[in-house]
2 protein chains.
Amino acid sequence: MKETRQIIIEAAILVFNEDFSAPLEKVADKANITRRTLHRYFKDRNELVTLCEADMQRCCNKAMNMALNSSEEPLEQLKNMLFAAIDCGAKYSFFHKVHNRTDHSHSRQNDNCAEYDDLYTRYRNVILRLQDNGEVSRSLTTEWIYTLFAAVVTATVNAESHGAVAKNSLKQFAWFSFSKGIGI
Amino acid sequence: MKETRQIIIEAAILVFNEDFSAPLEKVADKANITRRTLHRYFKDRNELVTLCEADMQRCCNKAMNMALNSSEEPLEQLKNMLFAAIDCGAKYSFFHKVHNRTDHSHSRQNDNCAEYDDLYTRYRNVILRLQDNGEVSRSLTTEWIYTLFAAVVTATVNAESHGAVAKNSLKQFAWFSFSKGIGI
DNA sequence: AATTTATGTCTCATTTTTGAGAAATTAATC
DNA sequence: GATTAATTTCTCAAAAATGAGACATAAATT
């Protein structure tokens with residue numbers, strides 16, 4: 001199994017997203033391996049966290065940029081961004097948390113931050129175009145819309161994992177609530 | 001200062017809401033006291049957590065029930081519930097998390113759970129009345145609307161603490177997005 | 001000012017978490 | 001079926017977090 005490494009990372013993202021300081025035992029449990037195995041793959045907790053962040057970063061960036069490239073229509077772009085973020089699941093929630101923590105020191109020197117910035121700029125342009133068209137309420141700030149976006153994604157992901165409703169219905173609910181919620 | 005106890009609880013709610021397994025040192029720092037002082041007020045971590053939960057429970061229940069009692073109009077009730085939850089801040093976020101964790105074993109024997117249930121029932125009736133009136137979209141489930149409610153509250157609280165926009169504007173944004181988002 | 005009360009400092013024992021070595025066990029590959 | 005690679009089990013030492021005693025200080029109360 002050359003994928004054990006990845007299994008552990010995925011498990012760690014799920015666990016750390018819920019409880020950042022959770023003991024590594026919990027990660028091992030979630031990954032269905034021993035803590036000893038985990039330690040063979042990662043030098044220490046810090047390395048694991050860093051690799052989780054790199055993974056989230058890569059996945060979310062890729063998914064979101066693909067969504068942005070999927071169309072010229074801002075409305076279509078936004079919808080696909082929302083769906084992409086939901087598909088990223090806990091990765092997106094965590095990704096957003098990391099870059100918006102109170103203690104997070106944002107710096108364009110940091111590659112991850114720079115990438116995040118670029119993504120945010122593209123997102124912002126989509127919103128501004130929609131506001132210019134009058135398709136999105138001009139009384140809302142882009143920051144609020146962005147906050148709402150992340151909140152709806154997190155809500156959808158939680159609802160899915162907690163799980164009564166099917167994922168596809170949830171996506172439809174999410175788009176309905178988000179789009180109406182910003183005045184579309 | 002007979003309120004040190006309460007200061008610590010408030011600090012702990014803020015810290016644990018962000019990072020449930022955070023070391024108590026962080027709580028002490030947030031409360032601007034020593035860890036030694038913290039330990040004089042609380043037997044152990046568990047007791048602190050329990051008292052945090054009791055506090056959240058008391059505050060959120062009181063605020064939400066007051067909001068529900070504030071009017072006979074379901075729309076007005078819902079709006080006041082949203083504002084009340086936002087005013088509760090991190091307490092509401094944490095309160096919601098606790099009762100919706102994957103590992104939370106819900107039981108009506110537990111007083112907190114029973115109270116939570118009652119609140120949920122009252123909320124549900126408000127939504128059902130609005131759906132009967134056709135004021136809220138019938139295609140959305142009450143569960144989704146509830147999930148969205150909590151998500152919008154958390155988003156607003158985060159936006160506030162992270163802080164560019166004033167609280168009152170945020171409340172207006174929150175109500176706009178939530179109400180439109182459920183089809184009002 | 002004297003006294004009570006709460007908090008801080010410094011210390012220490014205990015527990016939990018972390019990280020890794022060594023041998024046994026299981027799974028994969030030849 | 002033998003060999004190699006990956007994982008588990010058991011163990012243990014180091015580090016971090018927890019909880020509390022003893023005394024010094026600061027504060028509130030009288």
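By convention in this document, chain letters (A, B, ...) are assigned in the order of the sequence lines, proteins followed by strands, and residues within each chain are numbered from 1. Just so we're clear, the structure is a prediction, and the values are computed from it rather than from any experiment.
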In whole Å, I'd like the distance from the [atom1] atom of [X] to the [atom2] atom of [N].
{"X": "B:Asp29", "N": "D:dA17", "atom1": "CG", "atom2": "C1'", "result": "14 Å"}
{"X": "A:Glu3", "N": "C:dA27", "atom1": "CD", "atom2": "P", "result": "16 Å"}
{"X": "B:Leu38", "N": "C:dA6", "atom1": "CG", "atom2": "P", "result": "16 Å"}
{"X": "B:His39", "N": "D:dA22", "atom1": "NE2", "atom2": "P", "result": "18 Å"}

Can you list, in residue-number order, the parts of residues 16-28 of chain B that come under 4.0 Å of DNA chain D, counting heavy atoms only? B:Pro23, B:Leu24
Under-4.0 Å side-chain N/O to phosphate OP1/OP2 contact, A:Thr4 with D:dA6: no
Measuring to OP1 and OP2 of D:dT8, would you say a side-chain N or O of A:Thr37 lies under 4.0 angstrom away? yes
At less than 3.5 Å, do the side-chain atoms of A:Arg40 and the base atoms of D:dT8 form a donor-acceptor pair? yes
Closest listed nucleotide, where the reference is the side chain of B:Arg36 and the choices are D:dG19, C:dT7, D:dG21: D:dG21
Side chain of A:Tyr41 only, please: which of D:dA6, C:dA6, C:dT9 is the nearest? D:dA6
Going by heavy atoms closer than 4.0 Å, what residues in residues 42-50 of chain A are next to DNA chain C? A:Lys43, A:Asp44, A:Arg45
Between A:His96 and A:Asn100, does any side-chain donor sit less than 3.5 Å from a side-chain acceptor? yes
Pair B:Glu53, B:Gln57: side-chain N/O donor-acceptor within cut-off below 3.5 Å: no
State plainly whether the residues [X] and [Y] are in salt-bridge range, i.e. N to O under 4.0 Å.
{"X": "A:Arg124", "Y": "A:Asp117", "value": "no"}
{"X": "B:Glu10", "Y": "B:Lys30", "value": "no"}
{"X": "A:Arg58", "Y": "A:Asp55", "value": "yes"}

List the atom of A:Leu24, the atom of A:Leu38, and the distance in Å for their closest heavy-atom pair. O-CD1, 4.0 Å
Any side-chain hydrogen bond (donor to acceptor under 3.5 Å, both in side chains) involving residues 175-184 of chain A? Give me the pairs, sequence neighbours left out, ordered by first then second residue. A:Ser177-B:Trp144
Quick one: are A:Leu170 and A:Val157 in side-chain contact, heavy atoms under 4.5 Å? no
Judged by nearest nucleotide, the residue sitting upstream toward the 5' end of DNA chain D, A:Arg35 or A:Asn32, is A:Asn32
Please check if the number of heavy atoms outside A:Lys26 that lie under 6.0 Å from its NZ is greater than 12. no
